[in-house]
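Following: one structure in structure tokens, then a few remarks.
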Amino acid sequence: MHAVLLTGATGGLGRWLAPRLGAAGLTVLLHGRDKAGVDRGVAEVHAAGGQAEGFVADLASLAEIDGLAQAVAGRDDLTVLVNNAGVGFGAPGAPRELSADGYELRWAVNLLAPVHLTRALLPTLRANARSKVVNVGSLGQAPIDFTDLQLERKYDGVTAYRRAKLALAVWSFELAEHEQRQHTGVAVNCLHPATFMDTGMVRAAGRPPASTVDEGGAATLRLILEEHGTGAFFDGTEPARAHPDAYDPVVRDRLRAVLAGF
């Protein structure tokens with residue numbers, strides 16, 4: 001049996017996915033920030049007839065990401081990593097927040113966390129190829145100001161979220177190309193599941209839902225279980241284009257340099 005590590009599995013899209021991944025025959029390595037939510041998620045996978053194991057970690061802490069990776073890296077069955085956990089816009093007018101390591105929170109959780117976790121698990125994924133990395137992104141992307149990556153000058157939660165999601169798409173394409181050049185057998189794709197799904201994250205931002213979790217969940221499940229290509233961006237189930245900056249060599253070079261020093 002193959003295993004999938006699903007981050008952010010205790011609410012919204014992740015909670016929808018977990019039992020369905022278990023029912024599809026994958027062992028679900030179910031991540032969340034609190035033990036009660038993780039235990040509930042494990043029980044829901046079991047109720048759907050699947051196998052699951054729970055992991056508690058705060059992805060706003062690099063040390064806790066290291067602990068999660070260490071707990072998972074030794075498995076000989078990990079074939080899928082779904083970087084789903086994220087921090088949304090926040091409430092309108094909410095102040096700038098920092099991660100445990102002093103990074104702007106949305107940059108930390110929506111970009112640095114998947115980068116750090118994926119890097120740590122790549123040896124395992126390569127050993128178990130053909131394997132997959134699925135990054136849950138967004139079509140809501142905004143240009144990156146490399147002179148103010150931490151948004152210290154003029155903070156806005158929507159901008160912070162959208163810049164991190166652009167960076168996630170860029171990094172997804174970069175990683176896909178690297179793995180393809182090296183013939184590792186690791187596929188990497190990124191998707192916008194659906195627009196303003198009816199989740200706690202969207203409601204906290206004061207946005208009216210525009211789609212259901214079922215819609216976004218079905219698109220993400222298809223990408224996990226059925227897609228065999230690499231280096232693509234999807235809007236739901238359809239191939240799409242990310243923000244134009246995601247294909248700009250200058251932007252890609254600058255982000256590569258930032259992440260190399262991270």
Tell me the closest heavy-atom pair linking [X] and [Y], and the distance in Å.
| X | Y | answer |
| --- | --- | --- |
| Asp214 | Trp16 | OD1-NE1, 2.6 Å |
| Cys190 | Ala169 | SG-CA, 4.2 Å |
| Val109 | Gly86 | CG1-CA, 4.0 Å |
| Ala176 | Val188 | CB-O, 3.7 Å |
| Val186 | Thr230 | O-OG1, 4.3 Å |
| Ser99 | Ala60 | CB-O, 3.2 Å |

With heavy-atom distances below 4.5 Å as the criterion, would you say the side chains of [X] and [Y] are in contact?
| X | Y | answer |
| --- | --- | --- |
| Phe233 | Leu139 | yes |
| Glu104 | Arg163 | no |
| Leu21 | Val45 | no |
| Tyr161 | Val87 | no |
| Leu221 | Leu17 | yes |
| Leu62 | Tyr103 | yes |
| Thr79 | Val4 | no |
| Leu149 | Val258 | yes |

Could you check whether any side-chain N or O of [X] sits under 3.5 Å from a backbone N or O of [Y], counting only pairs where one atom can act as donor and the other as acceptor?
| X | Y | result |
| --- | --- | --- |
| Thr7 | Asn84 | yes |
| Arg33 | Ala57 | no |
| His31 | Leu29 | no |
| Ser131 | Leu125 | yes |
| Lys165 | Val136 | yes |
| Arg96 | Gln150 | yes |

Exercise. Only counting residues at least two apart or in another chain, list the ones meeting salt bridge (charged side-chain N to carboxylate O under 4.0 Å, His left out) with Asp101.
Key: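 If we apply the salt bridge (charged side-chain N to carboxylate O under 4.0 Å, His left out) test to Asp101, skipping adjacent residues, there are no hits.
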
Quiz prompt | Residues that Arg75 engages under salt bridge (charged side-chain N to carboxylate O under 4.0 Å, His left out), provided they are two or more places apart | solution =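 Partners of Arg75 under the salt bridge (charged side-chain N to carboxylate O under 4.0 Å, His left out) test: Glu53, Asp77.
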
Hydrophobic cluster membership, with links at side-chain heavy-atom distances under 4.5 Å among I/L/V/M/F/W/Y: are [X] and [Y] in one?
| X | Y | value |
| --- | --- | --- |
| Trp107 | Leu59 | yes |
| Leu13 | Val38 | yes |
| Phe173 | Leu81 | no |
| Phe262 | Leu166 | yes |
| Leu5 | Trp171 | yes |

Residues two or more places apart in sequence or in another chain: which of them pass side-chain hydrogen bond (donor to acceptor under 3.5 Å, both in side chains) with [X]?
| X | answer |
| --- | --- |
| Arg153 | Asp145, Thr147 |
| Ser138 | none |
| Asp253 | Arg256 |
| Asn189 | none |

Measure the [atom1]-[atom2] distance between [X] and [Y] for me, rounded to the nearest 0.5 Å.
| X | Y | atom1 | atom2 | answer |
| --- | --- | --- | --- | --- |
| Thr124 | Asn128 | OG1 | CG | 7.0 Å |
| Thr118 | Asn83 | OG1 | CG | 4.0 Å |
| Asp156 | Arg162 | CG | CZ | 9.0 Å |
| Gln141 | His192 | CD | NE2 | 9.5 Å |
| Asp76 | His2 | CG | NE2 | 11.0 Å |
| Leu105 | Asn110 | CG | CG | 8.0 Å |

Quiz item: Applying salt bridge (Lys or Arg N to Asp or Glu O under 4.0 Å), which residue pairs with at least one partner in residues 105-128 are found, sequence neighbours left out?
Solution: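 Counting only pairs at least two positions apart or across chains, the salt bridge (Lys or Arg N to Asp or Glu O under 4.0 Å) contacts touching residues 105-128 are Glu97-Arg106, Arg126-Glu179.
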
Quiz prompt | salt bridge (Lys or Arg N to Asp or Glu O under 4.0 Å) contacts in which one or both residues fall within residues 227-238, not counting sequence neighbours | solution =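 Only Arg222-Glu227 qualify under salt bridge (Lys or Arg N to Asp or Glu O under 4.0 Å).
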
Donor-acceptor pairs are to be reported for all side-chain atoms of residues 63-74 against protein atoms at under 3.5 Å, with residues two or more places apart or in another chain.
{"from": "Glu64", "atom 1": "OE1", "to": "Asp58", "atom 2": "N", "distance (Å)": "2.7"}
{"from": "Asp66", "atom 1": "OD1", "to": "His116", "atom 2": "NE2", "distance (Å)": "2.7"}

Exercise. Would you kindly say whether Ser172 and Asn135 are connected by a side-chain donor-acceptor distance under 3.5 Å?
Key: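 Present: a donor and an acceptor within the cut-off.
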
Practice problem: Count the heavy atoms belonging to other residues, nucleotides or ligands that lie under 6.0 Å from NE2 of His46, then report whether that count exceeds 12. | Solution: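 Result for NE2/His46: enclosed.
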
Practice problem: In sequence, state the C-alpha distance, the side-chain angles, and the governing distance for Thr10 and Leu30, and then conclude on side-chain contact (heavy atoms from CB on, under 4.5 Å). | Solution: CA-CA 8 Å; Thr10 60; Leu30 193 148; 4.2 Å; yes

Practice problem: Salt-bridge test for Arg20 and Glu44: reply yes if a basic N is under 4.0 Å from a carboxylate O, no otherwise. | Solution: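 Salt bridge absent between Arg20 and Glu44.
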
Which atom pairs, one a donor and one an acceptor, fall under 3.5 Å between side chains of residues 242-249 and the rest of the protein, sequence neighbours left out?
{"from": "His243", "atom 1": "ND1", "to": "Asp245", "atom 2": "N", "distance (Å)": "3.0"}
{"from": "Tyr247", "atom 1": "OH", "to": "Ala242", "atom 2": "N", "distance (Å)": "2.9"}
{"from": "Asp248", "atom 1": "OD1", "to": "Val250", "atom 2": "N", "distance (Å)": "2.8"}

Exercise. Could I get the full list of side chain to side chain contact (heavy atoms under 4.5 Å, CB included) partners for Val134, not counting sequence neighbours?
Key: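 Val134 satisfies side chain to side chain contact (heavy atoms under 4.5 Å, CB included) with Val82, Leu191, Leu223, Ile224 once adjacent residues are dropped.
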
Self-check item: Other cluster members, Tyr155 - Ile/Leu/Val/Met/Phe/Trp/Tyr, side-chain contacts below 4.5 Å
Solution: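 So far as hydrophobic clustering goes, Tyr155 is joined with Leu151.
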
